[in-house]
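Residue numbers start from 1 in every chain, and the chains themselves are labelled A, B, ... in the order their sequence lines are given, proteins ahead of strands. Everything numeric in this text was worked out from a predicted model, so none of it was measured.
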Number of protein chains: 2
Amino acid sequence: MEKDVTIYDIARLLQLSPATVSRALNDHPAINSNTKHMIASKAKEMGYRSNMFASNLRRQRTSTIGVIVPRLDSYFMSTVLAGMEKVANDANYNLIISQSLESVRKEIANAKTMFDSRVDGLLVSLAADTENLDHFNTFFQKGIPMILFDRIMPQKNCTNIVIDNVKAGYDATSHLIEQGCRRIMHMTGNIKRNVYEDRLKGYKLALTDHGLAVDDALVQLTNLTRQDGLQLADHIKHMASPPDGLFVANDFCAVSCMGALKANGLSIPGDIAVVGFNNDPVSQVIEPNLTTVHYPGQEMGEIAAQSLINHLNGLLRINTTNTILLNYELVVRASSLRTPPAESC
Amino acid sequence: MEKDVTIYDIARLLQLSPATVSRALNDHPAINSNTKHMIASKAKEMGYRSNMFASNLRRQRTSTIGVIVPRLDSYFMSTVLAGMEKVANDANYNLIISQSLESVRKEIANAKTMFDSRVDGLLVSLAADTENLDHFNTFFQKGIPMILFDRIMPQKNCTNIVIDNVKAGYDATSHLIEQGCRRIMHMTGNIKRNVYEDRLKGYKLALTDHGLAVDDALVQLTNLTRQDGLQLADHIKHMASPPDGLFVANDFCAVSCMGALKANGLSIPGDIAVVGFNNDPVSQVIEPNLTTVHYPGQEMGEIAAQSLINHLNGLLRINTTNTILLNYELVVRASSLRTPPAESC
DNA sequence: TCTAACAAAGCAATCGGTTGCATAAAAATT
DNA sequence: AATTTTTATGCAACCGATTGCTTTGTTAGA
């Protein structure tokens with residue numbers, strides 16, 4: 001447990017002042033480059049590492065970014081975080097990650113912890129039941145920047161990073177229609193959340209655009225759990241006129257539902273064509289493989305982190321930008337593909 | 001962007017010294033309880049929050065725990081992290097989480113970042129190809145405690161938290177044998193990692209204990225990806241004498257393999273009974289539901305974090321403890337259940 | 001040769017809590 | 001009443017890096 005090397009140690013050995021050492025290590029222009037090299041190599045030799053606390057205390061910043069996500073256990077989220085980590089590391093920022101487990105209560109607690117940890121900025125994807133951003137007011141008041149991604153909510157001075165969920169929902173639904181579906185069911189999550197609300201909007205829009213009626217009995221609002229998937233299959237089984245297409249706002253739930261539908265003797269995509277959302281690896285495990293909407297998590301994470309860091313470094317004001325839309329892609333697989341395209345209008 | 005409240009502000013208003021305020025806020029016994037209450041309420045009223053950096057700087061500790069895991073995107077890992085977060089929050093510790101993405105290179109970089117962040121302790125689950133713990137030497141030298149969980153490696157002065165993978169592998173294999181399987185294949189991961197090595201050991205032990213020969217052609221070492229699952233199914237298809245039982249060390253891979261096996265016309269569990277590992281939600285999505293080994297991630301996370309924190313608080317020396325074994329459970333589902341038990345020896 | 005301009009480095013205060021030691025006041029003991 | 005003990009608080013140094021301002025030394029220009 002030997003003592004840490006400080007800039008004072010380096011200064012003493014090199015007969016310099018700590019100020020010079022500090023400036024040299026921070027590549028300050030007023031320091032002679034020979035001196036810089038000498039200091040840098042000595043520091044390395046002695047195994048010096050900067051004391052972030054002293055530095056943070058003086059600088060009044062932490063080089064730490066807080067991340068709050070609903071859950072960590074999705075393929076999508078893990079790619080997002082990988083992207084954020086990459087960018088943050090490169091820029092010498094640390095990440096503090098916490099999960100709200102889809103509950104505002106926990107989200108509020110997380111926000112408080114982040115605030116007390118004095119993060120320089122915040123990257124947030126909202127919990128299912130978050131209705132307002134009041135718990136982030138302390139951040140807004142102090143001018144601590146915050147970026148919302150994926151699960152967003154309009155907010156002054158706050159950049160949002162998303163895909164166009166309306167359009168994605170529209171495309172998914174249109175695809176089913178093109179495959180000959182005429183009674184398309186949609187199961188989605190809590191429509192307090194933009195992602196689900198928007199996908200629902202897109203779904204409805206696609207129906208009307210193609211001259212199909214919107215039937216509220218065909219829209220199921222659930223929590224998108226495995227259980228919900230099973231229940232939907234059961235529900236479909238007992239419907240007088242069951243749907244011939246199904247658009248589920250989440251792959252995992254779609255897959256569990258597919259299993260139950262098949263068990264009920266329905267053929268997919270023959271009797272009912274299915275489209276999911278997110279391109280979770282599970283979509284390629286189920287038989288038939290699930291058609292789904294892919295969007296790049298890694299990229300979303302990178303962009304979110306980079307935008308925040310640029311803002312912190314004064315390179316980009318995030319309050320002038322406001323929404324960044326990323327591209328998505330409808331990945332057509334067997335669960336929805338009826339060949340040849342049925343055109344039985 | 002108003003100025004932060006400090007203990008000096010509180011001291012001035014209350015006509016006390018900063019020292020008293022500091023002690024009061026830390027519940028120091030030498031401070032009168034009336035004074036404590038007065039200070040506490042004033043602090044609350046003024047919206048005081050402690051400056052962790054000043055505190056850390058002086059105390060020479062960070063109240064931060066570093067966590068390095070192979071990946072975040074598994075159900076198991078997310079429950080582990082949830083458990084850690086819970087315990088850490090309650091004990092006023094922060095978590096810094098990073099993923100090695102199964103690569104030593106990244107793991108080394110993560111360890112360095114953690115070291116520079118001066119975490120008080122480390123919770124680690126090793127990457128697939130980690131062969132030694134040299135990159136943690138800086139921690140050992142400084143006496144920074146480290147606990148390994150799940151993916152472990154024997155190390156002096158380092159508590160390990162695991163399940164008995166040998167026994168679990170043994171049980172899984174025995175279960176298949178009891179269901180009448182006589183040619184049991186085992187697919188596992190990199191056997192540099194204890195979890196896979198041990199499950200393999202258990203598999204072999206079960207075979208010999210039941211008088212079955214160990215056939216190396218029936219042991220497949222892969223990366224347990226979806227692709228590997230598909231390839232195994234293909235391989236099985238072309239085997240002269242195919243197996244009648246399959247034990248895969250990972251649910252996701254097992255499930256992808258099952259899909260391909262079924263596509264090849266094999267019936268599960270009739271032609272081939274399958275057991276996975278981890279009790280991933282996907283095991284309940286596949287048809288037939290997958291028999292698997294469940295073990296409590298949340299609990300593992302809680303125990304790991306609590307042990308570390310106890311050690312940091314001097315309540316428990318982790319170098320005296322050494323291995324904590326958690327219970328697991330074989331969850332029997334349809335993928336392996338042949339009723340009535342076939343006894344065709 | 002003398003001064004202006006610039007480059008390089010040092011001084012010392014600062015960030016906000018923490019803590020060993022000293023002190024003062026009150027309570028207990030003789 | 002005098003002394004010891006206990007309780008409650010204050011003083012001031014300290015943790016390690018940063019930075020505005022000053023100083024010293026050097027080079028260029030007059």
Give the nucleotide from the list [options] with an atom nearest to the side chain of [X].
X: A:Ser55; options: C:dA9, D:dA17, C:dG17; result: D:dA17
X: A:Tyr8; options: D:dT9, D:dG16, C:dG16; result: D:dG16
X: A:Ala54; options: D:dG16, D:dG10, C:dC11; result: D:dG16
X: B:Asn32; options: D:dA8, C:dC15, C:dA8; result: D:dA8
X: B:Arg58; options: D:dT9, C:dA9, C:dG16; result: C:dG16

Take the protein atom [atom1] of [X] and the nucleotide atom [atom2] of [N], then report the distance between them rounded to whole Å.
X: B:Arg23; N: C:dC21; atom1: CZ; atom2: P; value: 12 Å
X: B:Arg59; N: C:dG16; atom1: CZ; atom2: P; value: 17 Å
X: A:Ile10; N: D:dG16; atom1: CD1; atom2: P; value: 13 Å
X: A:Asn26; N: D:dG16; atom1: CG; atom2: P; value: 17 Å

5′-ward residue of the pair B:Thr20/A:Ile7 relative to DNA chain D:
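The answer here is B:Thr20.
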
Would you mind telling me which residue lines up with the more 5' stretch of DNA chain D, B:Thr35 or A:Thr6, judged by nearest nucleotide?
B:Thr35

Between B:Tyr48 and B:Asp9, do the side chains contain a donor N or O and an acceptor N or O under 3.5 Å apart?
no

Give a yes or no on whether a salt bridge exists between A:Asp116 and A:Lys112, defined as a side-chain N under 4.0 angstrom from a carboxylate O.
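Answer for the salt bridge query: yes.
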
Could you tell me whether B:Lys36 and B:Asp27 make a salt bridge, using a distance below 4.0 angstrom between a side-chain N and a carboxylate O?
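Salt bridge between B:Lys36 and B:Asp27, a charged N being under 4.0 Å from a carboxylate O: yes.
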
Stacked cation flag A:Arg49 on B:Phe115, 6.0 angstrom / 45 deg
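A:Arg49 over B:Phe115 ring: yes.
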
Classify the nucleic acid contact of A:Ser22 as base, sugar-phosphate or nothing, counting any heavy atom under 4.0 Å across all strands shown.
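A:Ser22: base contact, heavy atoms under 4.0 Å.
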
With sugar-phosphate meaning primed atoms plus P, OP1 and OP2, does A:Leu16 contact a base, only sugar-phosphate, or nothing at under 4.0 Å between heavy atoms?
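Touches sugar-phosphate only.
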
